[in-house]
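As the structure is a computational prediction, the values presented were derived from the model and not from experiment.
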Amino acid sequence: MTNKLNKKRGLFLGLCASFIILVAGCGNNDDTADKASSASSVAESTEVVSGASVSSKPEDVVAGLSEDGNWIFAITDDVTLPEDLVVSGTFHDKGAETGDVYRKLALYSQDADHKVTAEYTLTVPTMTVESPNFKVENGTVVGNIEVKAEGFTLANSKVEGNVTFDSQKLMDSANLDEGTISGETSVAK
């Protein structure tokens, strides 16, 4: 397991280095530099042990929230997925196996003082949540969410669609108090 974790860390660090080189090579587009800086800030200040996956490419979002993804995924701009998204796998806070079971989708950027500087929208037909203790923080999900795992949380985030839980037990374990849902919140029949 440790070898697999080390491979993931190595891949992530390589991806980060490539991202920084790409951003640096794109000239002095201030808008791009600001977004890269904000994304870097989310990754650096939120995570210490294991790096965050950060991207606005649809294919990266799908891979980053898969069973082979990371404990946290942050988007750096609005993203539209043409197909359903499955959030799967069991992850631990900050990637540390001794940490609490936890997974997060960050739909925002923040500054060095952890102040949210921008919020983003993830548009998807249906997001199926199979990861326990999955949190959507800030921003908006446009589409329906099906919850099949305990501990689903909306933290200062919005859902423009329905949220359906597979059971009453899963709905009871959810924390929706800090979020808003424009559609129905229900238990599947």
Side-chain angles (χ1 to χ4, degrees), residues 1 3-23 32 35-97 99-110 116 118-149 151-159:
M1 184 68 178
N3 191 25
K4 185 177 180 181
L5 198 56
N6 286 337
K7 285 181 183 179
K8 284 184 180 181
R9 285 183 185 150
L11 287 171
F12 172 72
L13 291 173
L15 179 66
C16 286
S18 298
F19 180 73
I20 290 169
I21 291 168
L22 177 67
V23 170
T32 301
K35 285 182 181 177
S37 176
S38 294
S40 175
S41 179
V42 167
E44 289 172 9
S45 61
T46 303
E47 193 295 306
V48 177
V49 176
S50 175
S53 295
V54 180
S55 179
S56 288
K57 294 180 181 176
E59 62 272 18
D60 292 344
V61 174
V62 172
L65 292 171
S66 73
E67 187 171 358
D68 295 324
N70 206 340
W71 72 278
I72 182 172
F73 193 93
I75 66 171
T76 56
D77 204 349
D78 295 341
V79 176
T80 298
L81 302 179
E83 297 182 15
D84 294 347
L85 172 66
V86 178
V87 180
S88 60
T90 301
F91 293 82
H92 298 270
D93 191 16
K94 297 187 177 37
E97 288 188 38
D100 293 337
V101 173
Y102 177 76
R103 195 158 196 200
K104 178 176 165 179
L105 172 60
L107 300 177
Y108 66 97
S109 294
Q110 65 185 10
V116 174
E119 293 190 15
Y120 307 112
T121 298
L122 174 63
T123 302
V124 59
T126 301
M127 177 192 297
T128 302
V129 177
E130 297 175 352
S131 288
N133 298 328
F134 180 67
K135 176 194 243 184
V136 178
E137 190 160 345
N138 294 89
T140 303
V141 174
V142 176
N144 297 319
I145 299 178
E146 296 177 358
V147 181
K148 300 176 180 288
F152 178 71
T153 300
L154 294 177
N156 301 311
S157 52
K158 301 175 197 119
V159 176

When you measure from the side chain of [X] to the backbone of [Y], do you find a donor-acceptor pair of N or O atoms at a distance under 3.5 Å?
{"X": "Ser157", "Y": "Val136", "answer": "yes"}
{"X": "Asp100", "Y": "Asp93", "answer": "no"}
{"X": "Ser66", "Y": "Asp68", "answer": "yes"}
{"X": "Asn133", "Y": "Val101", "answer": "yes"}

Chi angles and distances behind the side-chain contact (heavy atoms from CB on, under 4.5 Å) call for Thr76, Val54: CA-CA 7 Å; Thr76 56; Val54 180; 3.4 Å; yes
From OH (Tyr120) to CG (Leu107), nearest 0.5 Å: 10.0 Å
What pair of heavy atoms forms the shortest contact from [X] to [Y], and how long is it?
{"X": "Pro125", "Y": "Pro82", "value": "CG-O, 3.6 Å"}
{"X": "Tyr102", "Y": "Trp71", "value": "CE2-CZ3, 3.5 Å"}
{"X": "Lys104", "Y": "Phe134", "value": "C-CE1, 4.2 Å"}

Option from Asn138, Thr140, Asn156 for which side-chain hydrogen bond (donor to acceptor under 3.5 Å, both in side chains) with Glu119 holds: Asn138
What pairs with [X] under side chain to side chain donor-acceptor pair (under 3.5 Å), at least two apart in sequence or on another chain?
{"X": "Ser131", "answer": "Arg103"}
{"X": "Glu146", "answer": "none"}
{"X": "Ser55", "answer": "Asp60"}

Side-chain heavy atoms of Leu105 within contact of Val87, under 4.5 Å: no
Matching residue for Val129 among Leu65, Ile145, Leu85 - test: side-chain contact (heavy atoms from CB on, under 4.5 Å): Ile145
Over 12 non-hydrogen atoms of neighbours within 6.0 angstrom of CD in Glu83: no
Set of residues satisfying side chain to side chain contact (heavy atoms under 4.5 Å, CB included) with respect to Thr123, sequence neighbours excluded: Thr80, Thr121, Val142
Pairing residues for Val79 by the side chain to side chain contact (heavy atoms under 4.5 Å, CB included) criterion, not counting sequence neighbours: Ser56, Pro58, Val61, Ile75, Leu81, Leu122
Lys135: partners by salt bridge (charged side-chain N to carboxylate O under 4.0 Å, His left out), with sequence neighbours left out: Glu137
